[in-house]
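Read the numbers this way: they start at 1 and go in the same order the structure lists the ligands and their atoms. Just so it is clear, the model here is predicted, and its values are computed rather than measured.
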Amino acid sequence: MSANILDLARPELREITPYTPGEYESGFIRMNANESPYQNIGDNSERGLNIYPPPRPLTLQKCLAEHYYIEEKEILMTRGSSEAIDILIRGFCTASKDSIVICSPTFDMYRLYANIQNVNIHEVPLLRNKNLDQDFQLDSDAIIGLINSGAKMVFLCTPNNPTGGSMQREDIKKICNAARGRSLVIIDEAYSEFSSQDNYRAIQKNNEYVVCLRTLSKFVSLAGVRCGAVIAAPKIIKFLEKVLPPYTFPTPSIELVLKAFQKDSLKVSEKRNNTIIKQREILRSEIAKIPTIDKVWPSDSNFFLIKTNKLNKLISAAKKTGVLIRSFENQPMLKNCARISVNTPENNDIFLNGLYAELSKREVI
Ligand SMILES: Cc1ncc(COP(=O)(O)O)c(C=O)c1O
């Protein structure tokens with residue numbers, strides 16, 4: 001048991017001296033940071049891209065803290081939530097010594113960053129159930145067993161990518177309770193805006209061993225901006241600030257996200273999300289009518305998973321209509337499965353009509 005959450009952090013990083021950035025004060029001529037005094041002719045930014053971005057995007061953190069109903073000291077902006085996964089693993093896991101738990105099939109970047117840091121991975125496969133509503137759920141007993149035997153970090157993804165559904169809240173609660181004082185539980189909520197379930201802030205707020213990850217890549221349509229957020233106890237945020245180098249968050253991204261969170265813009269995003277949720281259900285039910293589709297799993301995300309014993313034919317039929325879908329042949333539990341991301345109503349129609357046309361040409365896919 002560790003009385004202090006930072007006892008779990010890499011000992012050599014706990015006392016690391018952070019970089020001291022050059023002073024920034026508007027209205028002053030800057031001769032302190034080796035920057036160019038000239039704004040590039042293609043530069044339309046407000047701040048000027050000749051000037052380094054702020055060491056941390058504090059205005060943006062304030063804006064997002066308000067959006068997530070948390071305090072500023074509980075949030076750290078990262079370049080996508082992918083970078084958050086990276087700094088959590090690098091900050092807390094000692095190479096060749098510590099281990100993490102992942103619940104496969106799940107988002108593959110947990111494995112990738114653990115491999116980069118040379119951290120051991122315990123894979124706890126999701127539990128199967130014939131009832132698709134209860135399929136791909138957490139094996140909480142096995143996960144708690146690994147927490148009790150010293151796993152440093154557990155990654156839970158809900159709604160899960162690529163299976164699409166949410167994990168049962170009771171399982172996540174049990175795991176978070178067991179982890180208190182022992183391990184960090186990272187709840188990756190990349191798709192929570194598409195889910196009918198509550199997010200995990202309430203649980204994270206009352207348990208400093210729980211960290212939530214959010215991203216702007218999906219619900220505000222800003223994957224190209226690379227903006228993610230760690231939501232955690234202030235102690236963890238302060239520690240991660242030391243692991244994340246300064247100046248990582250680019251000026252154009254800051255300015256774009258601030259615009260995206262203005263009321264009118266956010267309203268448009270919310271409306272589009274509702275369309276995506278409705279379209280997801282239409283697509284799921286239409287695809288389920290295709291005779292060679294064996295399974296269409298429920299989804300709380302902006303995508304869903306299907307199974308067909310004619311996977312290659314389905315993929316090539318989709319491609320002929322100009323649509324790419326993704327298979328997961330390398331994941332043993334996902335043989336013959338494909339993940340379909342929901343698009344605009346127009347493109348979803350093109351996809352469906354194209355599939356029907358291909359189908360009738362060949363009779364069966
Ligand atoms: C579950 C999950 N987490 C995190 C990410 C990373 O998102 P980003 O780095 O774009 O914020 C993704 C991307 O698809 C994802 O599916």
Review point. Given side chains that start at C-beta, do those of Glu83 and Leu244 come closer than 4.5 Å, heavy atoms only?
Key: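 Side chain of Glu83 against side chain of Leu244, heavy atoms only: contact under 4.5 Å found.
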Practice item. Find out whether Leu156 and Val185 are in side-chain contact, i.e. whether some heavy atom of one side chain is under 4.5 Å from a heavy atom of the other. Key: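 Contact flag for Leu156/Val185 side chains = yes.
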Closer than 4.0 Å to some heavy atom of [X] - which atoms of ligand 1 meet that?
{"X": "Ser217", "result": "8 (P), 10 (O), 11 (O)"}
{"X": "Gly80", "result": "8 (P), 9 (O), 11 (O)"}
{"X": "Ser82", "result": "6 (C), 8 (P), 9 (O)"}
{"X": "Arg226", "result": "8 (P), 9 (O), 10 (O)"}
{"X": "Cys157", "result": "1 (C)"}
{"X": "Lys218", "result": "13 (C), 14 (O)"}

Exercise for review: Take every heavy atom of Ser81, measure it against each atom of ligand 1, and state whether any distance is under 4.0 Å.
Suggested key: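 Right, Ser81 reaches ligand 1.
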Practice item. Consider every N or O of Arg79 and every N or O of ligand 1, then say whether any pair is closer than 3.5 Å. Key: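 No, since none of the N or O atoms of Arg79 sits under 3.5 Å from an N or O of ligand 1.
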Exercise for review: Flag Tyr110 as yes when one of its N or O atoms lies below 3.5 Å from any N or O atom of ligand 1, and as no otherwise.
Suggested key: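 No, since none of the N or O atoms of Tyr110 sits under 3.5 Å from an N or O of ligand 1.
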Review point. Does a side-chain N-to-carboxylate-O contact under 4.0 Å join Glu270 and Lys267?
Key: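 Looking at Glu270 and Lys267, the cut-off is not met.
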Practice item. Measure the acute angle between the ring planes of Phe136 and Trp297, then classify it against the limits of 30° and 60° as parallel, tilted or perpendicular. Key: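 Taking Trp297 first and then Phe136, their aromatic rings sit tilted (interplane angle of 30° to 60°).
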Point to revise | Per atom 2 (C) of ligand 1, closest listed option by heavy atom (Asn160, Asp188, Thr106, Asp108) | key: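 Ranked by closest heavy atom to atom 2 (C) of ligand 1, first place is Asp188.
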Point to revise | Nearest neighbour in protein (non-hydrogen) for atom 12 (C) of ligand 1 | key: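 Result: Phe107 CZ, 3.3 Å.
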Review point. Should Glu208 and Arg180 be marked as a salt bridge (charged side-chain N to carboxylate O under 4.0 Å, His left out) after you check the CA-CA gap, both sets of side-chain angles, and the distance that decides it?
Key: CA-CA 8 Å; Glu208 62 176 9; Arg180 204 188 282 268; over 6 Å; no
Review point. Can you tell me how far the OG1 atom of Thr163 sits from the CG atom of Asp135, to the nearest 0.5 Å?
Key: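 Between Thr163 OG1 and Asp135 CG, I get 8.5 Å after rounding to 0.5 Å.
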Practice item. Under the side-chain hydrogen bond (donor to acceptor under 3.5 Å, both in side chains) rule, what do Glu35 and Asn50 come out as? Steps first, then yes or no, please. Key: CA-CA 6 Å; Glu35 296 154 337; Asn50 52 321; over 6 Å; no
Exercise for review: From the options Ser299, Ser192, Pro159, select the one residue that forms a side chain to side chain contact (heavy atoms under 4.5 Å, CB included) with Ser166.
Suggested key: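 For Ser166, the side chain to side chain contact (heavy atoms under 4.5 Å, CB included) test succeeds with only one of Ser299, Ser192, Pro159, which is Pro159.
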